[in-house]
Amino acid sequence: MRVLPLPVALGMLASLCAVFWWVPTERVQGAVQRIFYFHVPSAWCCFLAFGLASVTSAAYLWKRHRDWDNAARAAVETGMLFATAVLITGPIWARPIWGVWWTWDSRLTTMLVLWLIFAAYLLLRAFSGERDGGSSGARFAAVLAIVGTLDIPLIMLSTRLWRTVHPAVLKTSEGGSGLSDPRMITTLILCTLTFMIMFAWLWALGARSLRLDDQVALLEERGDRLAMATGSNTSTGEATV
């Protein structure tokens, strides 16, 4: 985990240089299309994070081991960062192209539903308490993560299942490519790899932080028990004297 910040920093620097100086300007959309290289990798990292949350949540329901729950919770917290980035960069890109900040397009709507599902996950964890390992709150959240991930295939297929104004990314419905220049594909791959490494770093940090919180809580609990036992013995001793 300690080696990840350096490739993230170098990758982000290279991505910025590629996006703003190397990749050609898209012929129809103009300079605003450059937001595509941050918008799409954010969406893919969001899907990866919530997919990971689903797998680790299933493992938690099976094994009931606290580490799986921490891994799922860290994945959801990290995924929400990327999902929020998608919902912020999308309207910024849409306003000059579509003339509106938001439209209830099928892909946009299903993406918003995904964000709301995992926002509910975080609210459930917050209101069920920080020390709820093994409690109903952790189990309900795990089930919600698994069910919520079912929205991801709908998002991916929405441009083909329903009428939509959202553009295809790599392959259009007519079979053509959405990226006309090889430099566009190279830049997209570079940005995606950088975002994925950043996701791995943030997820590992989150899981580690939650594991340390558990250890601190366990030590506090043992300290309280020791203090209570010591207090009882002292009281007993005073009564005896």
Common cluster, [X]/[Y], ILVMFWY with side-chain heavy-atom separation under 4.5 Å:
{"X": "Met156", "Y": "Leu52", "answer": "yes"}
{"X": "Met198", "Y": "Leu13", "answer": "no"}
{"X": "Phe20", "Y": "Val23", "answer": "yes"}
{"X": "Leu150", "Y": "Val143", "answer": "no"}
{"X": "Leu202", "Y": "Leu6", "answer": "no"}

Residue pair [X] / [Y], side-chain heavy-atom distance below 4.5 Å:
{"X": "Trp68", "Y": "Val55", "result": "no"}
{"X": "Arg222", "Y": "Leu218", "result": "yes"}
{"X": "Thr194", "Y": "Pro41", "result": "no"}
{"X": "Val76", "Y": "Arg73", "result": "no"}
{"X": "Leu219", "Y": "Glu221", "result": "no"}
{"X": "Val19", "Y": "Phe38", "result": "yes"}
{"X": "Tyr60", "Y": "Arg66", "result": "no"}
{"X": "Leu114", "Y": "Cys46", "result": "yes"}

Looking at [atom1] of [X] and [atom2] of [Y], how far apart are the two atoms once the value is rounded to the nearest 0.5 Å?
{"X": "Leu210", "Y": "Leu205", "atom1": "CG", "atom2": "CG", "value": "11.0 Å"}
{"X": "Ser57", "Y": "Phe50", "atom1": "OG", "atom2": "CZ", "value": "11.5 Å"}
{"X": "Ser158", "Y": "Met111", "atom1": "OG", "atom2": "CE", "value": "11.0 Å"}
{"X": "Trp102", "Y": "Leu87", "atom1": "CH2", "atom2": "CG", "value": "5.5 Å"}
{"X": "Met196", "Y": "Cys191", "atom1": "CE", "atom2": "SG", "value": "12.0 Å"}
{"X": "Asn70", "Y": "Asp214", "atom1": "CG", "atom2": "CG", "value": "4.5 Å"}

Is the side chain of [X] donor-acceptor paired with the backbone N or O of [Y] at a distance under 3.5 Å, no angle test?
{"X": "Arg64", "Y": "Leu61", "value": "yes"}
{"X": "Ser209", "Y": "Gly206", "value": "no"}
{"X": "Thr56", "Y": "Ala53", "value": "yes"}

Q) Between Leu116, Thr109, Thr110, which is the residue that forms a side chain to side chain contact (heavy atoms under 4.5 Å, CB included) with Leu112? A)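 It is Leu116, the one option of Leu116, Thr109, Thr110 that forms the side chain to side chain contact (heavy atoms under 4.5 Å, CB included) with Leu112.
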Q | side chain to side chain contact (heavy atoms under 4.5 Å, CB included) partner of Thr89, chosen from Val40, Ile35, Thr84 | A |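 Single pass found, and it is Ile35.
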Under 4.0 Å between a side-chain nitrogen and a carboxylate oxygen: does that hold for [X] and [Y]?
{"X": "Asp105", "Y": "Arg107", "answer": "no"}
{"X": "Asp67", "Y": "Arg211", "answer": "no"}
{"X": "Arg125", "Y": "Asp69", "answer": "yes"}

Can you see whether [X] engages [Y] through a side-chain donor-acceptor pair at a distance of less than 3.5 angstrom?
{"X": "Arg34", "Y": "Thr25", "result": "yes"}
{"X": "Gln33", "Y": "Trp93", "result": "no"}
{"X": "Thr103", "Y": "Trp98", "result": "no"}

Of the non-hydrogen atoms in [X] and [Y], which two are nearest, and what is the gap between them?
{"X": "Trp203", "Y": "Ala75", "answer": "CD1-N, 3.3 Å"}
{"X": "Tyr121", "Y": "Ala72", "answer": "OH-C, 3.9 Å"}
{"X": "His39", "Y": "Val86", "answer": "CE1-O, 3.3 Å"}
{"X": "Tyr37", "Y": "Thr187", "answer": "CD2-CG2, 3.8 Å"}
{"X": "Ala18", "Y": "Leu190", "answer": "CB-CD2, 4.2 Å"}
{"X": "Leu124", "Y": "Ala141", "answer": "CD2-N, 3.5 Å"}

Q: Show your working on side-chain contact (heavy atoms from CB on, under 4.5 Å) between Ile97 and Val32 and close with a plain yes or no.
A: CA-CA 8 Å; Ile97 302 302; Val32 72; 3.7 Å; yes
Q: Run the numbers on Phe118 and Thr149 for side-chain contact (heavy atoms from CB on, under 4.5 Å), then give the verdict.
A: CA-CA 9 Å; Phe118 284 95; Thr149 308; 3.9 Å; yes
Q | side-chain contact (heavy atoms from CB on, under 4.5 Å) assessment of Arg95 paired with Val100 | A | CA-CA 5 Å; Arg95 181 65 178 85; Val100 293; 5.7 Å; no
Q: I would like to know whether Ile197 and Leu4 meet side-chain contact (heavy atoms from CB on, under 4.5 Å); could you show each step before the answer?
A: CA-CA 7 Å; Ile197 297 173; Leu4 292 179; 4.0 Å; yes
Q) Is the Phe82 ring parallel, tilted or perpendicular to the Phe195 ring (thresholds 30°, 60°)? A)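 Geometry flag for Phe195 against Phe82: tilted rings.
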Q) side chain to side chain contact (heavy atoms under 4.5 Å, CB included) with Leu193: which residues, sequence neighbours excluded? A) Ile189
